[in-house]
Each structure stands twice: as C-alpha cells, then as structure tokens.
Amino acid sequence: MNVRRFLLRFTALGYLLLVLLGPLAMVFVRAFDQGAGALWRTLSDPNTVHAFELTTVIAGITVPLNTVFGVVCALAIVRRRFPGAGLVNALVDLPLAISPVVVGLSLFLLYGRTGWFGPWFERHGTQILFALPSMVIATIFVSLPFVAREVVPTLREIGDEQEQAARTLGASGWQTFWRITLPSIRWAVVYGVVLTTARCLGEYGAVAVVSGNLEGKTQTATLRVQDAYENFNQAGAYGVALVLAAMSVVVLVAMTLVKPREESV
Amino acid sequence: MSIVVRNVSKRFGIFQALDDVSLDVEGGALTALLGPSGSGKSTLLRIIAGLEWPDAGEIQLAGEDATALSTQQRGVGFVFQHYAAFKHMSVRENIAFGLKVRKRPKEEIRSRVNDLLALVQLQGFGDRYPAQLSGGQRQRMALARALAPEPRVLLLDEPFGALDARVRAELRGWLRRLHDETHTTTVFVTHDQEEAMDVADEVVVMNRGRVEQVAPPRELYDAPANEFVMSFVGRANRIGNTWVRPHDLEVVLEPNGSTREAQVERVVHLGFEVRAELVRDDGEQLAVQLTRDQAAALELARGQIVYVRPTRETVF
C-alpha cells in the first residue's frame, strides 16, 4: 500500500517537475547566464520597458471587462431560463476551441482595409489593426471563458435559495447581487480573474497576427521574447521571459495568500 | 393581514401543480397547508410569496390585488426548509439583513436584532456563522431573520422538515407560542398531519393541485369532506363503501348479534397504545387501535380468534 502511494506521489511530482518547474528553472538560470548586469541592461531597454507597459495596459483593460462579462454571462446561463441558454453556454467556450492565430486572422478580415468594419473605422480616422484596439480585442477574445467557467459551477452549487430569501426580505435585484450573490461566488471570481490575467500576460498568437509587432509601438512582452530570441539575443529573451513568469507567479501566490484556507472554490 | 387566493392555476411543463385553487386565510390566523408531496402546497405558498408566478388567477394581500407585485414589494416573511442562511454573514448580520436593505438607522437595527436574538433564544450566538450552528438553531435564526422587517404575513415552507423528531416537536410548540404573542398571519406547509393538527388553527388539505378541505383540526378528523381526507388525515379502514377509524372498532372475545369473526395477524405494542391487524372471516384487513388496558384484558396474541364490530362508520 505504502509503496503504491509513494509511486503515485513520485509520479505526480516528477511530472510536475519535468513539465512545469524544469523549464521555469531553466529560464531562471539562463536569464542570469551573462550576469545580473547584462540582465538589467536588457530589462531597462526602453523598448523592453514599453513592451511590459503595453502588456500591462492590455491586461488592465481586458481583465475588468472580461470579469464583468464573465459574471453576467454565468448569471445568465445559470439563473435565467431563456431559449438559447445552451448556445450561450457553448459559445463562451469557443475561444478555448479556436486557435488564437485563427482569431487574429478573423480580426484581420473584419478590420482590414477590405473587411466589414475596416473601411468605416478608417474613414473616421481610427486605427484598429496594428494598434492597441485590435490587440485588446484579440486578448479579450482569447481570455473570455475563464471567469464564466469558474463562476458557473459555483453558482449552480450554491443554488438560488439565498437569493430568494434576500428578495423576500425586501432586497432589490441589485442589492441581492452585491450582498448575497457576489460574496458567495467571490473566490470563483478571484480565481477566474487570476486565470484571465495569466492568459492576458501570456497571449501570443492572436496578438502576433494583428499587432504588426512594431518595436516600441505594438510589441507586447511575449512578442518581445520571440523577437529577441530570433535575433540571437538569448539573454534578452530569457530576461523578459523571466519577468513574465515572475508576474504570473506573483499573481498566483497573491491569490493563494488572500484566499482563506478553509474555503474551497 | 388576510390572504385571498382566487382561481390560481400553475403548470410546470406537463405537470399541473395547481388546478384552479381558491383559498381564504383570515388575518391573524395560523394555517397549515397539508398534503402529500406533489400536491401543490409548496407551489401555492411560493405563489403567495411572489417567488413563483401563477399562470392564471389572483392573489390578494390585505384586500388588495398583489398578483403583479414582486416578492420584494409584498412584505412577506419566508422561511425555507433548508434554512437558506446567508453563509458569509454572522447570525447577527443575517437577522439584520432585511433592516439594512431598508436603510433603517443603525441604532434601531441593533436593538431590534438584540430583541430577536432573545426571542429565538440565540443570545450569545450573534457572532457565530451559520456553519457553526445546529439545524434547529439555524432554523430559529432564519425565523428571526424573516420576522425582523415585521412582515405582514409569515410563510414557512416545511420549516421543520430537515430536523430530527425531538427538535421538530420543540420548534412546533415554539412556533405556536410565537404566533399567540405576535398574531402575525402565518401559513406553513407540511406533509406531516400530526404537525398540522398540533400547530394550526385551520388546516388546508391539498391533493393533486386542488384543495380538498379547509377545516379546524378536529373537524377535519371527525368530519372529513371526502375519502381522500378520511384516508390521509389519521388512519382509516375501508370496508366496502364504509370507512371506520381503528379506534372505532370494538373487539370482544365472545360473539354477539352484530359482531363478525376475525383472526389476529399481528400485535404491535407502541407503549402508549396497542395496534392490532385483524383479518375478518370475509378476508377484509382491519387495523384496530386499543388502549393498553383493553389489550391486556383481551390478551391479544397472533392467531387468536376475536369478534369485531364497528361503533362508528362513515359513508361518502
């Protein structure tokens, strides 16, 4: 019995080590290959700083929007019975099924010179492609499902009796949402936000297609990693990758610390 | 505050939950909705509360049409079978909820919550969370929460259904006393006839989405309106077209002119009474209820031959 348990643990941990921690450790080691000085030089490069700023801005717009949308969407799927609820439920998952590159291409077709919306925006002097708007739209699309996916099962599990009780006690729909529903699903929302943030920070494919990857203009952190790597700037690539990984780890750790131990999402 | 239900129907898919139900509940009364599961009693209660919408019909509260009012506007207190406690709030916050959403002054909320904690005997539990309470305590908290905004009507949906027998009996008596003090119009749903008879002034018997009878407990038992009520409220033997209660059968050891022969199949000593199952010579099964003394005098035993005679019969 003990041997089996040991084997199970060993396999699970080994897998984790091999697939997750190994590469991460490699990034860490390689980033410091040419010393802390070289690393600092790479990271303080104005174009690198800009890339991180851009990634942060995109995440800063996307995460709040997708959080609100995800919660509203989950409420619609679980609490309202309307024709097409199943379709909405399936549609929310679409971004998980579609390759980000395809998403990027479809945006290209929509907002390009000969696309459906492209000419209209061009006439009104708004640049969508090769600019922030298309990068935000692409990121919104790929990180759409995470909040809804976390919140839907929690909403199902808590049921609607507490909400009904609140209504009988004289609470409006709005009061019921803020005082009863939201506190009950808060950890699901937090977890969804963490996943959404991580996805935003890491998004590559869709953004790569629509951004044009202009250094210092439309280059996000992940694009910068690829760029540096292709230009044989290994220290640069590993340096940026290290910071990206660190950002994700910080978000995850912050969530673990904030979340009370006895509660399970 | 009086409640009037007029010709209410409700359908869930192909299931007819309520079929043209009308009901008058007097202001200040304590009424039980009694029926088997699926009889529509909970649906009726939820429609009165505005938690469910009728397909047809009208609800009046205090003489005014309330059919179109939302739950929020109806001013009813509702207690759920599974408590519906706000898990992320302390007992105190749970009870204060209805007052907080009405933006009552802090001081008023404090003193009202204190009064209610005392009323439901939960002083000292105010800072606990629902997860730290027993079922009975949770339900008392839910009751205090429902009473806090001083509802015009108190509605309880199988309030004691999830509790064990002893706590259930305790809370029953407690609900009765509470009603005698406050005289809030109260309607509770139950499938337990003893609970309905024990607590309510008036019992509404429901079956298959219809009201079968509305009567005080005693009348319900002594003068059931139809066969359903006869068989659902209390036990009854059906012999051909006549119905006989188990305690309305006289059992003797020697035959006389009006008795029939029967054989004892089973004797159950419940402590406070003795129940016996007899098979009459024509094959009819009879349940008989005897006092301890009667049973002792007869020395009933399995296989014994006795003679029975109904002392009181009902024919519909």
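To find a chain, count down the sequence lines: A is the first, B the second, and so on, and within it residues start at 1.
- Of the two parts of A:Gln162, the backbone and the side chain both hold a non-hydrogen atom closer than 4.5 Å to a non-hydrogen atom of chain B.
- The residue among B:Gly98, B:Ala49, B:Gly50 with the most heavy atom pairs within less than 4.5 Å of chain A is B:Gly98.
- With a 4.5 angstrom heavy-atom cutoff, B:Ala85 touches chain A only via backbone atoms.
- Distance check: B:Met89 CE to A:Arg179 CZ gives 7.0 Å after rounding to the nearest 0.5 Å.
- Both the backbone and the side chain of A:Ser172 come within contact range of chain B, with heavy atoms under 4.5 Å apart.
- In this structure, B:Arg110 places its CZ atom where only 12 or fewer heavy-atom neighbours from other residues, nucleotides or ligands lie under 6.0 Å away.
- Summarising the local packing, CD of B:Glu26 is surrounded by 12 or fewer heavy atoms from other residues, nucleotides or ligands at distances under 6.0 Å.
- Among A:Ser184, A:Gly173, A:Ala166, the residue making the largest number of heavy-atom pairs under 4.5 Å with chain B is A:Ala166.
- Closest non-hydrogen pair, B:Arg145 versus A:Ala165, comes out as NH2-CB, 3.5 Å.
- When the candidates A:Glu161, A:Arg167, A:Gln175, A:Glu163 are compared by the number of heavy-atom contacts under 4.5 Å with chain B, A:Glu161 comes out ahead.
- Within a 6.0 Å sphere centred on CZ of B:Phe12, heavy atoms belonging to other residues, nucleotides or ligands number more than 12.
- Note that CD1 of B:Ile95 and CG of A:Leu169 are 11.0 Å apart. Values are rounded to the nearest 0.5 Å.
- When side chains are defined from C-beta on, B:Phe78 does not count as touching A:Gln164, because their heavy atoms never get closer than 4.5 Å.
- With a 4.5 Å cut-off on non-hydrogen atoms, B:Arg46 touches chain A through its side chain but not through its backbone.
- Applying the 6.0 Å contact sphere to CD of B:Gln123 captures more than 12 heavy atoms from other residues, nucleotides or ligands.
- Annotation for A:Trp178: atom CH2 does not count as buried by contact number, only 12 or fewer foreign heavy atoms lying within 6.0 Å.
- A 4.5 Å side-chain heavy-atom check between A:Thr168 and B:Arg74 finds every atom pair outside the cut-off.
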